[in-house]
Amino acid sequence: MVLEEMRSHLAATRVELRDLARCALGLQEVELGAYLTLLKGGSMTVKDLAEKTGRSRPTAQRILGSLVSKGLAHRRERIIDRGGYFFLYEATPAERAKKLIRDIIEEWYQRMENALDSGSFK
């Protein structure tokens, strides 16, 4: 996150969960939208998410990979009867996502406290 964006969040009179999620987890708006789609819609394939979000399959695949790497989704392999497999993606429950955000904010706050305690304006 760039310094200007951080300043705008710190100066905001009203803080929204969407803003906290985007800031703390480094989410793009499209990733947040995909997470919310998964959260509301349940298990989905890449194709399902692409259709529901109006994105291409490669874009949906990239978004899902990002959500998995950030802890906001997980995938399960499903075997096809005639051979092969596919993945189903599920959103991390909202309460778990909130805990991830809270942990990141608390870690950030501790780093800022340490910087204040040990720093000087030389």
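Taking every heavy atom of both residues into account, Arg76 and Ser43 meet most closely at NH2-OG, 3.3 Å. The two residues Val46 and Arg57 come nearest to each other via the heavy atoms CG1-O, 3.5 Å. Here the closest non-hydrogen pair linking Leu67 and Tyr35 is CD1-N, 3.8 Å. Across Thr92 and Ala73, no two heavy atoms sit closer than the pair OG1-N, 3.3 Å. The two atoms that bring Lys98 and Leu17 nearest to each other are CE-CD2, 3.8 Å, heavy atoms only. For Ile101 against Ala24, the heavy-atom pair with the smallest separation is CG2-CB, 4.0 Å.
Taking the charged nitrogens against the carboxylate oxygens, Asp103 and Lys99 do have a contact shorter than 4.0 Å, which makes a salt bridge. With respect to the salt-bridge test (charged N to carboxylate O, under 4.0 angstrom), the residues Glu90 and Arg75 do not qualify. Between Glu113 and Arg111, no side-chain nitrogen of the basic residue sits less than 4.0 Å from a carboxylate oxygen of the acidic one, so the salt-bridge criterion is not met. Ion pairing of Glu31 with Lys70 is present here, as a side-chain N (NZ or NE/NH1/NH2) and a carboxylate O approach within less than 4.0 Å.
For Ser66 (side chain) and Arg62 (main-chain N/O), no donor-acceptor pair under 3.5 Å exists by modelled atom type.
Residues Lys47 and Glu51 have side chains in contact (heavy-atom distance under 4.5 Å, counting atoms from C-beta outward). You'll find the side chain of Leu38 reaches within 4.5 Å of the side chain of Leu64, heavy atoms only. Taking the side chain as every heavy atom from C-beta outward, Val30 and Arg55 approach each other to under 4.5 Å. Leu25 is not listed as a side-chain neighbour of Leu20, based on a closest heavy-atom distance of 4.5 Å or more. Looking at Thr45 and Phe87, their side chains never come closer than 4.5 Å, going by heavy atoms from C-beta outward. Under the 4.5 Å side-chain criterion, counting only non-hydrogen atoms from C-beta, Tyr89 is not in contact with Leu49.
Hydrophobic clustering of Ile, Leu, Val, Met, Phe, Trp and Tyr side chains at less than 4.5 Å, counting indirect connections, keeps Trp108 apart from Leu116. No single ILVMFWY cluster, assembled from side-chain heavy atoms under 4.5 Å apart, contains both Leu39 and Leu88. Two different hydrophobic clusters hold Met44 and Phe86 under the rule that ILVMFWY side chains link at heavy-atom gaps under 4.5 Å.
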Verdict with supporting geometry, Thr59 and Ser56, side chain to side chain donor-acceptor pair (under 3.5 Å):
CA-CA 5 Å; Thr59 299; Ser56 69; 2.9 Å; yes
